[in-house]
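Everything numeric in this text was worked out from a predicted model, so none of it was measured.
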Amino acid sequence: MNQIEPGVQYNYVYDEDEYMIQEEEWDRDLLLDPAWEKQQRKTFTAWCNSHLRKAGTQIENIEEDFRNGLKLMLLLEVISGERLPKPDRGKMRFHKIANVNKALDYIASKGVKLVSIGAEEIVDGNVKMTLGMIWTIILRFAIQDISVEETSAKEGLLLWCQRKTAPYRNVNIQNFHTSWKDGLGLCALIHRHRPDLIDYSKLNKDDPIGNINLAMEIAEKHLDIPKMLDAEGVDIVNTPKPDERAIMTYVSCFYHAFAGAEQAETAANRICKVLAVNQENERLMEEYERLASELLEWIRRTIPWLENRTPEKTMQAMQKKLEDFRDYRRKHKPPKVQEKCQLEINFNTLQTKLRISNRPAFMPSEGKMVSDIAGAWQRLEQAEKGYEEWLLNEIRRLERLEHLAEKFRQKASTHETWAYGKEQILLQKDYESASLTEVRALLRKHEAFESDLAAHQDRVEQIAAIAQELNELDYHDAVNVNDRCQKICDQWDRLGTLTQKRREALERTEKLLETIDQLHLEFAKRAAPFNNWMEGAMEDLQDMFIVHSIEEIQSLITAHEQFKATLPEADGERQSILAIQNEVEKVIQSYSIRVSSSNPYSTVTMDELRNKWDKVKQLVPVRDQSLQEELARQHANERLRRQFAAQANAIGPWIQNKMEVGGALLESGIPTELPTAHACRGSVCTTTTTTTDPTLLSVEVARSSIQITGALEDQMNQLKQCEHSIINYKSNIDKLEGDHQLIQEALVFDNKHTSYTMEHIRVGWELLLTTIARTINEVETQILTRDAKGITQEQMNEFRASFNHFDRRKNGLMDHEDFRACLISMGYDLGEAEFARIMTLVDPNGQGTVTFQSFIDFMTRETADTDTAEQVIASFRILASDKPYILAEELRRELPPDQAQYCIKRMPPYSGPGSVPGALDYTAFSSALYGESDL
């Protein structure tokens with residue numbers, strides 16, 4: 001099984017010096033651990049017997065049975081397949097030394113340098129020397145010739161193991177000692193090559209002895225690999241570092257056992273490749289025969305169709321043939337062109353493949369050669385060219401007839417469309433009930449029709465000429481053409497007669513209607529202005545009026561009295577207009593004219609004039625009553641204005657006084673001068689006021705709170721007293737709100753008796769309350785900051801003094817340059833990067849200013865002892881034993897249960913170098929706690 005085949009070439013280049021350096025290191029390891037001697041004795045004995053049994057013998061004691069050199073020479077002959085010199089058969093010591101020297105000389109002849117191993121030591125039964133010699137033989141004949149991807153010997157065997165076991169779970173082969181302790185590596189090698197012998201999914205990593213024994217039993221029973229390790233697996237499991245030589249010797253047996261199977265697989269693959277080439281060639285031949293037959297059959301069916309020259313009688317039929325030919329050119333022929341091209345490509349490809357694979361050239365069936373197909377294709381194209389020329393000539397011949405017929409149809413349709421309904425129009429007597437204007441319009445319209453009729457004379461003559469030509473050319477549908485032409489000519493004669501009769505009737509009617517036209521025109525000239533006057537009067541009488549004072553309503557009452565004085569004169573004009581319309585109706589009745597009495601020059605009717613005049617007379621007393629009611633309402637509104645003004649003029653100054661009394665303690669949002677403009681235009685008064693911007697108020701109060709001196713608790717007491725006095729004044733504001741509601745319900749929008757509005761009072765009151773509350777909150781925040789950070793009152797006063805000193809504008813805010821100067825004065829050594837970092841803390845929104853609260857927060861942060869993200873990360877690294885990640889088990893072991901669970905829930909998975917399942921990223925978690933990153 002392990003015999004080296006003559007003639008086999010290996011890629012491994014043997015480096016004698018490197019090999020001996022490794023061997024000397026192994027010898028030193030062996031001397032340091034006597035336990036390995038027992039393992040090697042057992043493994044090497046089993047390995048030797050696996051070869052000696054082929055010669056019908058074996059050894060029991062490795063240091064005794066090789067002493068005479070006979071079995072040693074026999075072992076070398078079995079594993080090498082070569083004959084050694086004839087051994088000495090004597091039993092004397094020098095005979096034994098001679099035999100051992102022959103074996104050692106043979107080993108040396110294979111390029112192996114034996115260091116410190118002599119025949120005398122072997123004959124004397126030196127165990128270490130004997131084991132070293134056997135290990136040298138194993139290396140040379142069982143391991144050295146292993147070659148995997150440019151690596152050989154030990155490295156090649158290790159790489160082979162790694163490649164074969166890579167897909168298996170819980171297997172990680174890195175060496176020839178500890179990587180094999182759980183037995184899964186041996187089971188994986190067996191399953192990889194013989195999955196029928198072992199069910200890897202049922203193996204348990206926690207049962208190493210069972211795994212090793214299972215692998216050795218299967219290897220001995222099915223792979224002819226003897227057990228070379230302890231039967232209970234103790235040589236591997238119970239040893240901290242199993243003997244590397246023993247493991248390598250045993251694993252090399254697996255390599256050689258499976259090497260034959262891989263060679264058989266290679267041979268099978270070679271045969272399959274040859275057969276696949278043959279099968280592919282045969283498939284291409286069959287495919288060529290099939291495609292050639294189908295293409296030739298299609299050409300045979302198509303040529304007769306192209307040679308058919310039977311003409312059609314109509315253009316539609318010939319167009320159908322042309323469409324069929326175009327379908328043939330677009331849809332049917334292109335695929336066949338592709339098939340022909342593909343057929344030639346397949347033929348050439350097949351011949352090339354046959355020539356490359358040393359097969360005879362392919363000879364198609366008779367009549368299916370490429371030249372035969374080319375000839376048939378040429379005949380097809382000749383027939384196709386002639387068919388196309390014939391189709392075009394036939395289409396040109398029928399096209400002339402079809403053109404004349406289409407021209408006749410177009411002209412006839414145009415004429416019929418124009419003439420449609422013309423007879424009915426000429427027979428109408430619409431002029432009998434038309435007005436003069438309508439009759440004149442009908443007469444002009446009739447004159448235009450006469451011109452149009454004369455213009456169509458030429459078209460009728462063309463229609464008759466085309467019909468005559470179609471008859472001469474024997475057009476297939478000449479009967480229908482003649483019938484249609486006759487109908488057009490008959491209709492044309494009727495239209496001429498009716499046209500003349502209609503002109504005479506229109507001219508008679510025009511003269512009858514001119515008589516009453518002048519009366520209509522006179523009515524229109526006088527009725528329109530009078531109608532407009534009445535409409536304007538009704539609009540004025542119904543117009544909604546909005547007044548804001550007694551003076552305005554008195555003005556409207558005076559204007560109404562002036563309007564009532566003009567009514568008698570208007571009634572006289574109305575009577576004159578009605579008399580004109582009565583004259584018109586009298587003329588119509590006298591001459592029995594069938595025309596409407598409506599006036600074409602005016603939309604105003606007699607009924608409209610009567611109704612509007614009656615409406616004007618009804619609206620006059622209604623207007624009188626509305627004006628008197630409004631006068632009473634304006635008197636009531638004046639009383640409400642005076643009542644509101646009396647209270648507002650008291651509350652407004654009180655709020656202003658509160659602002660002044662507060663002084664430095666509280667600068668409220670009520671403006672020192674609420675009204676800035678007061679003007680009256682006519683009867684309407686308007687008041688324009690200005691209020692302080694709430695943002696400016698907040699800045700002023702913040703500045704005032706900074707300027708307050710003394711303990712923070714004293715400041716808080718002063719602010720609370722001020723707030724209490726303001727809240728007690730709320731009842732006066734509520735009473736003013738009630739009066740304001742009455743004014744709004746009465747729709748009173750101005751008040752000349754006061755410069756204060758309810759909105760100004762509300763704004764001042766609300767800003768007063770919110771600003772004092774905000775200031776109290778800021779003082780409370782400073783107290784909390786002082787107590788939480790352990791800042792003394794002296795430090796707080798020092799911070800306030802520094803802030804006030806560098807607040808040049810005295811508005812409670814420092815700009816960036818003032819803040820830099822303040823920090824420098826307090827001993828900070830600032831570079832640009834450090835100052836930029838500080839500004840992100842005190843001005844995170846980039847507003848360009850630093851508030852007193854931000855200043856205090858920064859100073860307390862700089863002076864207080866606080867944890868940082870780096871300190872927390874360092875603490876986690878200690879718990880994780882310097883790993884870049886931490887496991888859930890470590891967190892539960894080191895932290896209280898609730899805090900450990902908190903970390904496990906929020907800590908993201910770790911995916912960096914050295915990651916393992918369940919690894920958690922404590923660096924990202926710690927940074928997120930301090931807002932330096934997002935989880």
Under a 4.5 Å cut-off applied to non-hydrogen side-chain atoms, are Ile225 and Glu220 in contact? no
Main chain of Gln174, side chain of Ser179: is a donor-acceptor contact present, judged purely on distance under 3.5 Å? yes
Strictly under 6.0 Å, is that where the ring centroids of Trp47 and Tyr250 end up? no
Are Trp298 and Leu380 packed together at the side-chain level, in the sense that at least one heavy-atom pair is separated by less than 4.5 angstrom? yes
With no hydrogens and no angle check, do the side chains of Asp324 and Trp305 hold a donor and an acceptor under 3.5 Å apart? no
Which value, rounded to the nearest 0.5 Å, describes the distance between Asp921 atom CG and Ser911 atom OG? 7.0 Å
Report, as yes or no, whether the 6.0 Å neighbourhood of atom CZ on Arg83 holds more than 12 heavy atoms from other residues, nucleotides or ligands. no
Could you tell me whether the side chain of Trp492 reaches within less than 4.5 Å of the side chain of His415, counting heavy atoms only? yes
Which pair of non-hydrogen atoms, one from Asn308 and one from Trp390, has the smallest distance, and what is that distance? O-CZ3, 4.2 Å
Verdict with reasoning, Glu406 to Gln410, per side-chain hydrogen bond (donor to acceptor under 3.5 Å, both in side chains): CA-CA 6 Å; Glu406 181 61 26; Gln410 290 180 356; 3.3 Å; yes
I'd like to check Leu214 versus Leu203 (side-chain heavy atoms, cut-off strictly below 4.5 Å). Are they in contact? yes
When every non-hydrogen atom of Ala246 is compared with those of Thr43, the smallest separation belongs to CB-OG1, 3.3 Å
Which atom names give the shortest non-hydrogen contact between Phe254 and Ile190, and what distance separates them? CE2-CG1, 3.7 Å
Check: Asp458/Gln462 side-chain N/O donor and acceptor closer than 3.5 Å: yes
Roughly how far, to the nearest 0.5 Å, is the CG atom of Leu189 from the CZ atom of Arg194? 14.0 Å
Check whether any side-chain heavy atom of Arg355 sits under 4.5 Å from a side-chain heavy atom of Pro360, and report yes or no. no
Verify the neighbour count for atom CD of Glu297: are there more than 12 heavy atoms of other residues, nucleotides or ligands below 6.0 Å? yes
Sole candidate of Lys321, Arg326, Lys320 that passes salt bridge (Lys or Arg N to Asp or Glu O under 4.0 Å) when paired with Glu323: Arg326
Chi angles and distances behind the salt bridge (charged side-chain N to carboxylate O under 4.0 Å, His left out) call for Glu287, Arg290: CA-CA 5 Å; Glu287 181 71 9; Arg290 182 182 65 80; 2.5 Å; yes
On a heavy-atom basis, the closest approach of Leu158 and Asn175 is CD1-N, 3.9 Å
Beyond-backbone contact of Tyr910 with Val916, side-chain heavy atoms, under 4.5 angstrom: no
Electrostatic pair Glu416-Lys487, nearest N-O below 4.0 angstrom: no
Could you check whether any side-chain heavy atom of Glu244 comes within less than 4.5 Å of a side-chain heavy atom of Met248, counting everything from C-beta outward? yes
With Pro195, which of His191, Arg192, His193 fulfils side chain to side chain contact (heavy atoms under 4.5 Å, CB included)? His191
Please check if the number of heavy atoms outside His403 that lie under 6.0 Å from its NE2 is greater than 12. no
One thing to verify: whether Arg409 and Glu402 come together as a salt bridge, which I'm taking to mean a side-chain N less than 4.0 angstrom from a carboxylate O. yes
Heavy-atom side-chain proximity of Leu453 to Trp418 below 4.5 angstrom: yes
Is the closest side-chain donor-acceptor distance between Gln486 and Asn482 under 3.5 Å? no
Begin from the C-alpha positions of Glu77 and Tyr106 and carry the test side-chain hydrogen bond (donor to acceptor under 3.5 Å, both in side chains) through to its verdict. CA-CA 10 Å; Glu77 289 182 348; Tyr106 177 78; over 6 Å; no
